[in-house]
Structures are given as C-alpha cells and as structure tokens.
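One structure below.
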Amino acid sequence: KKVLPAVFAGLEEDIYCACKYIDTVVHLSSWDAKPRKNAIRAGRIEWDHVLPAWVIGHQRQCWQAGGRKDCTENDPVFQLAEGDLNNLVPAIGEINGDRNNFAYGVLSPEPSPMYGSCSTVVDFKARSVQPRPEVRGRLARITLYMSQTYKLALSTKDKKLMCAWAKAHPVDDWERTRDLRIVRWQG
C-alpha cells in the first residue's frame, strides 16, 4: 500500500465514483458524490481488492485452517495474490466497506443512485456491485488476470461477464500507464 500512491499518481480519483483525492482525503464534491450513511469513512481513500481477498482465500487450504490470518502468515501464494498491485485500486472507504466481498454484476441499466451522482450501486440483498461503466473493462481485466495468474476459479457467469466487459470497454492510455508502473514495482 506504500507504493500504490506512486502507481496512481496523475489520476488521483477513486475507482467507483471518479472522485478526486489527495493523499487519503476524498473530495466528494469533485463528482457530487454523497455518503450513504458513513461520512467519515466516505471521506477517505482505501485500497480495494478488485478480486476480494475473501474470494482468493476461500480457494486456499490455509483459509480452512485459520482464515485470512493463517493465509497471510503461512501461504506464499496467498501473500502474493493479496499484495498484487494489479488487484488494488483506490476506492471511497464507504463504498469499499459496502462492497464487502460481493462480486461485480449487472443490476440495472439506469440504477437508482446511492452515493449522490455516483453511478456505482451496491445491491446488499443480491450481494452484487454494479460499477460505473467507465471502469468495467479495467475491473474485468484485473479479475481475469487474478484468476489466470493465481489459478482462481470464476463461475461461468462471472467469467462471461468479465470477458464481455473487457471487450466492450477497451484498454485506455491510463490503464497502460498504470500497468507499466506496476511492472516497474513488482515485475
């Protein structure tokens, strides 16, 4: 997490609402985003695992032996996956918390806003998150990368959705820059 500010330098905006941030302070007014219920957490940036650590861990033996703590302490593959810079993105803290370990999905073509004018929505009952369209390709490619790199199973439905999003939302210059920076830091 110490190198992530350098990876994202020049595009200091959170993944879910495109709100600007400086250090860890979110400027919600930069995108007319509003807290759903936790203004303190909404005011800070957190580093969200695109493919949640819970998903990674549940496919590892260490999780059954002792949960995330055991995986973090004893499983080198989990340690690499959990800290993989490709899988970490800046997120408004409240949305990161609301997202929990929910999968990405399609909920509605015109969802009712939850966070002011931010178009990312969380369906707590369905345990699903629909990210704003502008970042769906990025999130899909990160998910597919993590699945392939760490041999993590995705459901057929999730894999089809991620492939569709990756195709519909091509790589842009910012994503290329980010990827080059990650290669410099992590290989």
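This is a predicted model, so every value here is computed, not measured.
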Problem - Short side-chain to backbone donor-acceptor contact, S147 and L154, under 3.5 Å - result: no

Fill in the blank from the handout: When every non-hydrogen atom of A53 is compared with those of W63, the smallest separation belongs to O-CZ3, 3.9 Å

Practice task
Give the C-alpha distance, both sets of side-chain angles, the deciding distance and a yes or no for side-chain contact (heavy atoms from CB on, under 4.5 Å) between F124 and F102.
Solution key: CA-CA 9 Å; F124 297 101; F102 301 165; 4.0 Å; yes

Fill in the blank from the handout: Hits for salt bridge (charged side-chain N to carboxylate O under 4.0 Å, His left out) against R141, two or more places apart or cross-chain, chain-then-number order -> E175

Problem - Minimum side-chain heavy-atom gap V89-I142 below 4.5 Å - result: yes

Handout entry: Pairing residues for L4 by the side chain to side chain contact (heavy atoms under 4.5 Å, CB included) criterion, not counting sequence neighbours
Key = K1, F8, W47, L85, L88

Practice task
Report the C-alpha distance between R178 and N86 in whole Å, list the side-chain angles of each, state the deciding distance to 0.1 Å, and finish with yes or no for side-chain contact (heavy atoms from CB on, under 4.5 Å).
Solution key: CA-CA 9 Å; R178 175 190 161 272; N86 289 288; 4.2 Å; yes

Fill in the blank from the handout: R136 meets the salt bridge (charged side-chain N to carboxylate O under 4.0 Å, His left out) criterion, sequence neighbours left out, with none

Completion exercise
Residue pairs passing the salt bridge (charged side-chain N to carboxylate O under 4.0 Å, His left out) test with at least one member in residues 6-18, sequence neighbours excluded, are E13-K20, E13-R132

Problem - Atom pair CD (E134) and CG (D172), whose distance is rounded to the nearest 0.5 Å - result: 11.0 Å

Exercise for the section: Please list, chain by chain and in numerical order, all residues satisfying side chain to side chain contact (heavy atoms under 4.5 Å, CB included) with S155, sequence neighbours excluded. Expected result: K157, D158

Practice task
Kindly indicate whether the side chain of V122, heavy atoms from C-beta on, has any atom under 4.5 Å from the side chain of N100.
Solution key: no

Exercise for the section: Any chance you could measure F78, atom CZ, to Y150, atom OH, to the nearest 0.5 Å? Expected result: 11.0 Å

Practice task
Report yes if some heavy atom in the side chain of W165 is under 4.5 Å from a heavy atom in the side chain of V106; otherwise report no.
Solution key: yes

Exercise for the section: Could you list the residues that satisfy side chain to side chain contact (heavy atoms under 4.5 Å, CB included) with T177, not counting sequence neighbours? Expected result: W174, R181

Fill in the blank from the handout: Contacts satisfying salt bridge (charged side-chain N to carboxylate O under 4.0 Å, His left out) that involve residues 72-96 (not counting sequence neighbours) are R60-D75, R68-E82, K69-E73

Practice task
Quick one: list whatever passes disulfide (SG to SG under 2.5 Å) with C17, sequence neighbours left out.
Solution key: C118

Exercise for the section: To the nearest 0.5 angstrom, please state how far the OG atom of S128 sits from the CG atom of L107. Expected result: 4.5 Å

Practice task
Not counting sequence neighbours, which residues clear salt bridge (charged side-chain N to carboxylate O under 4.0 Å, His left out) with D173? List them please.
Solution key: R176

Exercise for the section: Find out whether V77 and L80 are in side-chain contact, i.e. whether some heavy atom of one side chain is under 4.5 Å from a heavy atom of the other. Expected result: no

Practice task
May I ask you to test the I45-P90 pair for a side-chain heavy-atom distance under 4.5 Å?
Solution key: yes

Problem - Heavy-atom pair of closest approach, residues V26 and C19 - result: CG1-CB, 3.9 Å

Problem - Rounded distance (nearest 0.5 Å) linking atom OG1 of T143 with atom NE2 of H49 - result: 12.5 Å

Practice task
Would you please test I56 and N87 for side-chain contact (heavy atoms from CB on, under 4.5 Å) and show each step?
Solution key: CA-CA 11 Å; I56 298 165; N87 195 39; 4.1 Å; yes

Practice task
Report yes if the side chains of R44 and E46 come closer than 4.5 Å at any heavy-atom pair, otherwise no.
Solution key: yes

Practice task
List the steps, then state whether side chain to side chain donor-acceptor pair (under 3.5 Å) holds for N101 with R127.
Solution key: CA-CA 8 Å; N101 56 20; R127 301 180 53 81; 3.1 Å; yes

Problem - Contacts of type ring pair (Phe, Tyr, Trp, His ring centres under 6.0 Å), residue Y104, not counting sequence neighbours - result: none

Practice task
Check A42 against L28 and note the closest heavy-atom contact, atom names and distance.
Solution key: O-CD2, 3.7 Å

Practice task
Determine the minimum heavy-atom distance between Q64 and H58, stating which atoms define it.
Solution key: NE2-O, 3.8 Å

Problem - Close side-chain approach of Y16 to D48, heavy-atom, < 4.5 Å - result: yes

Handout entry: Candidate pair L180 and V183, rule side-chain contact (heavy atoms from CB on, under 4.5 Å), full reasoning
Key = CA-CA 5 Å; L180 288 172; V183 167; 5.5 Å; no

Handout entry: By salt bridge (charged side-chain N to carboxylate O under 4.0 Å, His left out) - contacts of R184 (at least two apart)
Key = none

Exercise for the section: Scan for side-chain hydrogen bond (donor to acceptor under 3.5 Å, both in side chains) pairs involving residues 106-124, sequence neighbours excluded, and state none if there are none. Expected result: D98-Y115

Handout entry: Non-hydrogen side-chain atoms of P52 and R99 separated by less than 4.5 Å
Key = yes

Problem - same_hphob_cluster(L144, V171) at 4.5 Å side-chain heavy-atom cutoff - result: no

Exercise for the section: Calculate, to the nearest 0.5 Å, the distance between atoms SG and CG belonging to C62 and D70 respectively. Expected result: 6.0 Å

Problem - Exercise: identify the closest heavy-atom pair between A166 and A140 - result: N-CB, 3.8 Å

Completion exercise
Taking every heavy atom of T72 against every heavy atom of Q79, the minimum-distance pair comes out as O-NE2, 2.7 Å

